[in-house]
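Working notes, beginning with the structure itself.
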Number of protein chains: 2
Amino acid sequence: MIKIGEFSKVVQVPVATLRYYDQVGLLKPIEVDRFTGYRYYSASQLPRLHRILALKGLGFSLEQIGLVLAEGLTPEQMRGMLRLRHAQISQQLAEVQSQLLGVEARLQQIEKEDKISTYDVILKQVEPLLVASVRAILPNHSAVGALFGEVYAAMGAHVSEALGPHPENGGQTLALCYDTEFKENEVDGAAAFMLRCRVPERGRMKVHELPAAAMAATVHHGSYNTIGEAHEAILTWIDANGYRIVGPDREINLYHTMPIRLDDPSYVTEIQYPVEKIGTGNE
Amino acid sequence: MIKIGEFSKVVQVPVATLRYYDQVGLLKPIEVDRFTGYRYYSASQLPRLHRILALKGLGFSLEQIGLVLAEGLTPEQMRGMLRLRHAQISQQLAEVQSQLLGVEARLQQIEKEDKISTYDVILKQVEPLLVASVRAILPNHSAVGALFGEVYAAMGAHVSEALGPHPENGGQTLALCYDTEFKENEVDGAAAFMLRCRVPERGRMKVHELPAAAMAATVHHGSYNTIGEAHEAILTWIDANGYRIVGPDREINLYHTMPIRLDDPSYVTEIQYPVEKIGTGNE
DNA sequence: CTTGACTCTCAAGCGACTTGAGGGTTTATA
DNA sequence: TATAAACCCTCAAGTCGCTTGAGAGTCAAG
């Protein structure tokens with residue numbers, strides 16, 4: 001029969017925490033003075049507390065620990081809990097590891113350039129996307145602008161099926177680059193509009209569905225002249241964070257007006273590269 | 001100028017979260033309708049949100065992210081934040097990894113014995129400990145009981161310096177085992193009392209300080225006959241969790257009465273083995 | 001003009017504690 | 001024996017990053 005303060009010292013658990021465990025019913029003192037409310041513990045409670053600390057150390061919630069302590073579960077149920085927890089921890093491990101890589105990449109970047117990067121790359125899942133597009137070999141990157149005109153013309157009255165708040169004066173456009181390495185000329189690119197439903201194809205304009213994918217993405221704000229930096233930033237990130245490019249990259253503009261003017265400084269472009277984690281390949 | 005719902009879809013962040021970011025000042029809409037309170041966002045806010053998501057992905061708190069977004073910090077400060085975070089993540093990584101090992105160990109144990117273990121092993125730091133002890137080669141493990149009598153006698157009037165609530169009828173005792181491998185006889189063991197201050201030595205009774213250490217510990221409740229199981233459990237744990245024994249183990253009894261009676265079924269014994277993580281050796 | 005989808009604010013809830021205010025009890029010392 | 005220091009009590013609120021829900025107002029299509 002010892003008081004809470006001494007028990008606290010023996011088991012190295014703060015007094016407040018012991019009171020909390022009492023409150024939630026996890027570890028009740030063997031006796032509570034009816035008049036003063038003083039809590040009294042005994043050495044015989046050590047095994048129970050040890051179990052609490054052990055399970056807490058494995059990351060179980062107090063509620064789950066309560067279940068285990070109630071002794072009402074079979075070994076089979078216990079196995080189930082452990083397997084579930086195992087899965088959770090594995091996932092958490094992957095997350096923490098990628099955080100570590102991410103922080104290290106940022107540190108490297110800041111060591112090299114001695115300034116905080118303009119571009120922030122994040123990983124996001126995108127859903128399958130229906131598009132109307134024209135693909136062609138272009139003399140240079142800027143030439144993609146002309147392709148948008150072609151798509152626009154080919155759609156005709158179906159422009160209203162293009163995604164965006166006001167299709168006439170601001171839709172969502174998408175430029176794709178199929179080259180697997182950087183090229184100044186003979187760029188294999190495409191211009192596309194996002195669709196809410198299928199429209200008839202016409203000429204070089206085809207309709208197809210871009211697949212769902214995990215994307216490394218960043219946002220470029222300003223004219224296209226400096227968009228190369230954004231691509232560079234994203235490629236550096238992909239390398240430093242242990243990913244690999246697995247398809248054509250996309251340049252997405254929300255709320256473009258037609259015709260496209262590549263030097264508009266108010267443009268906001270999201271650049272996406274489909275990626276997969278190295279070492280998780282499905283080949 | 002788009003409404004919160006559509007912005008939410010584009011950036012894949014829940015509406016409630018956007019409202020929350022508005023509330024805490026992390027991302028204010030570019031415009032709020034004075035009459036309806038409707039929030040309006042624009043594509044130009046994408047870079048800011050991207051930065052928020054990127055930093056959140058590295059595990060920074062919203063408060064820290066707010067600081068970064070305020071642009072008021074130098075690259076040097078940013079480096080500092082990143083290094084700090086790096087240290088935190090490394091620690092978290094170690095913790096998650098040991099959780100994974102721990103869960104796997106428990107799963108193995110339950111697969112093998114098909115019951116939930118009686119013993120829960122935890123890791124704890126113990127502080128340096130002043131003890132009065134008698135060390136000797138003993139014919140068997142139970143013989144340590146006699147040594148306690150010798151310590152008790154050697155302390156004489158200084159018994160009052162022994163730790164525990166009432167030194168006469170219940171003190172804290174400690175049995176040490178210096179063998180590096182299990183022995184049935186010729187056990188190199190010691191019996192000790194914990195002291196609050198130094199007392200004079202007498203005969204075989206010596207006073208010295210046990211070093212601080214990280215301990216793998218468990219609690220045995222009941223007579224000494226079955227204490228072997230507790231040792232076994234702890235040794236299995238040490239192996240499965242990637243630790244190594246680095247010193248003599250301790251058996252600690254809180255609130256022993258003198259003389260020691262080894263078959264008392266109400267005894268509670270904490271068993272500790274000093275350990276270090278394999279791969280973190282200081283040699 | 002209705003319907004249904006969307007938006008607003010404000011309050012409370014989550015988990016595992018921690019902190020603090022305000023007040024009673026025990027114990028060691030003067 | 002008085003008193004100070006150490007210890008104990010309860011209850012309430014704060015932490016973080018949202019999430020959920022109630023109740024009410026707004027907007028766009030049919």
Side-chain angles (χ1 to χ4, degrees), chain A residues 1-41 49 52-67 69 85 88 92 95 99 160 164-167 196, chain B residues 1-41 49 52-67 69 85 88 92 95 99 160 164-167 196:
Chain A
M1 290 267 291
I2 60 182
K3 286 196 281 184
I4 196 169
E6 205 190 330
F7 193 62
S8 160
K9 262 182 229 151
V10 170
V11 301
Q12 312 201 78
V13 172
V15 171
T17 303
L18 288 173
R19 282 198 271 253
Y20 178 67
Y21 287 168
D22 178 10
Q23 192 188 319
V24 299
L26 212 53
L27 184 73
K28 295 267 179 205
I30 48 163
E31 196 183 321
V32 177
D33 188 300
R34 174 186 343 282
F35 303 108
T36 67
Y38 275 34
R39 292 172 181 80
Y40 292 96
Y41 293 84
L49 184 56
I52 293 171
L53 296 179
L55 293 174
K56 202 158 72 73
L58 298 180
F60 286 103
S61 72
L62 295 195
E63 194 181 345
Q64 291 174 308
I65 295 173
L67 286 179
L69 288 170
R85 183 77 196 121
Q88 290 171 349
Q92 205 186 337
E95 198 186 309
Q99 279 192 3
S160 58
H166 301 294
R196 88 184 83 239
Chain B
M1 289 265 290
I2 60 183
K3 286 196 280 185
I4 197 169
E6 205 189 331
F7 193 62
S8 159
K9 264 181 223 149
V10 170
V11 301
Q12 312 199 82
V13 172
V15 171
T17 303
L18 289 173
R19 281 199 271 255
Y20 177 66
Y21 288 167
D22 178 9
Q23 191 188 317
V24 299
L26 212 51
L27 182 74
K28 296 267 180 204
I30 46 162
E31 196 184 321
V32 177
D33 187 301
R34 178 189 334 286
F35 304 107
T36 66
Y38 274 36
R39 293 172 178 81
Y40 292 96
Y41 293 85
L49 184 55
I52 292 171
L53 296 179
L55 294 174
K56 203 158 70 74
L58 299 180
F60 287 103
S61 71
L62 295 195
E63 193 181 346
Q64 291 174 306
I65 295 173
L67 286 178
L69 287 170
R85 183 78 195 118
Q88 290 171 349
Q92 205 187 337
E95 197 186 310
Q99 277 192 4
S160 59
H166 301 293
R196 86 183 84 241

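Reminder, nothing fancy here: chain letters follow the sequence lines and each chain counts from 1.
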Atom OH of A:Tyr40 to atom C1' of C:dT25: distance rounded to whole Å?
-> 9 Å

Determine the minimum heavy-atom distance between A:Met1 and A:Ile30, stating which atoms define it.
-> SD-CD1, 3.7 Å

If you walk 5' to 3' along DNA chain D, what is the first nucleotide with an atom under 4.0 Å of a heavy atom in chain B, and what is the last?
-> D:dG17 to D:dC27

In whole angstrom, give the distance that lies between atom NZ of B:Lys9 and atom C1' of C:dA5.
-> 10 Å

For A:Arg39 against A:Asp22, the heavy-atom pair lying closest together | NE-OD2, 2.8 Å

Kindly compute the distance separating CD (B:Glu6) from NZ (B:Lys9), expressed to the nearest 0.5 Å.
-> 7.0 Å

Calculate the interatomic distance between A:Arg39 atom CZ and C:dG24 atom P; express it in whole Å.
-> 18 Å

Euclidean distance, atom CG of residue A:Leu18 to atom P of C:dC17 [Å, nearest integer] | 10 Å

Taking atom NZ of B:Lys28 as the centre, does the number of heavy atoms from other residues, nucleotides or ligands within less than 6.0 Å exceed 12?
-> yes

Whichever of A:Phe35 and A:Tyr21 has the more 5' nearest nucleotide on DNA chain C, that residue is A:Tyr21

May I ask you to verify if any side-chain N or O of B:Arg19 is less than 4.0 angstrom from the OP1 or OP2 atom of C:dC8?
-> yes

Ranking C:dT27, C:dC17, C:dT25 by distance to the side chain of A:Thr36, first place goes to C:dT25

Closest listed nucleotide, where the reference is the side chain of A:Pro14 and the choices are C:dT25, C:dT18, C:dC8 | C:dT18

Pairwise 5' ranking along DNA chain D for A:Val32 and B:Glu63, keeping only the more 5' one | A:Val32

Using atom CD1 of A:Ile4 as one end and atom C1' of C:dT26 as the other, report the distance to the nearest whole Å.
-> 16 Å

Starting from P on C:dG15, measure out to CD on A:Gln23 and report it in whole angstrom.
-> 13 Å

To the nearest Å, give me how far apart CG (A:Leu26) and P (C:dC17) are.
-> 9 Å

Of B:Ala16 and B:Lys3, whose closest DNA chain D nucleotide lies nearer the 5' terminus?
-> B:Ala16

Could you go step by step and tell me if B:Tyr41 and B:Leu18 meet the side-chain contact (heavy atoms from CB on, under 4.5 Å) rule?
-> CA-CA 10 Å; B:Tyr41 293 85; B:Leu18 289 173; 4.0 Å; yes

Give the rounded distance in Å between these two atoms: CD of B:Glu6 and P of C:dT7.
-> 9 Å

Does A:Tyr21 reach the side chain of A:Leu62, with side-chain heavy atoms less than 4.5 Å apart?
-> yes

Are any non-hydrogen side-chain atoms of B:Leu69 and B:Leu55 less than 4.5 angstrom apart?
-> no

Quiz item: A:Tyr38 side-chain donor-acceptor pair to C:dG24 base, under 3.5 Å | yes

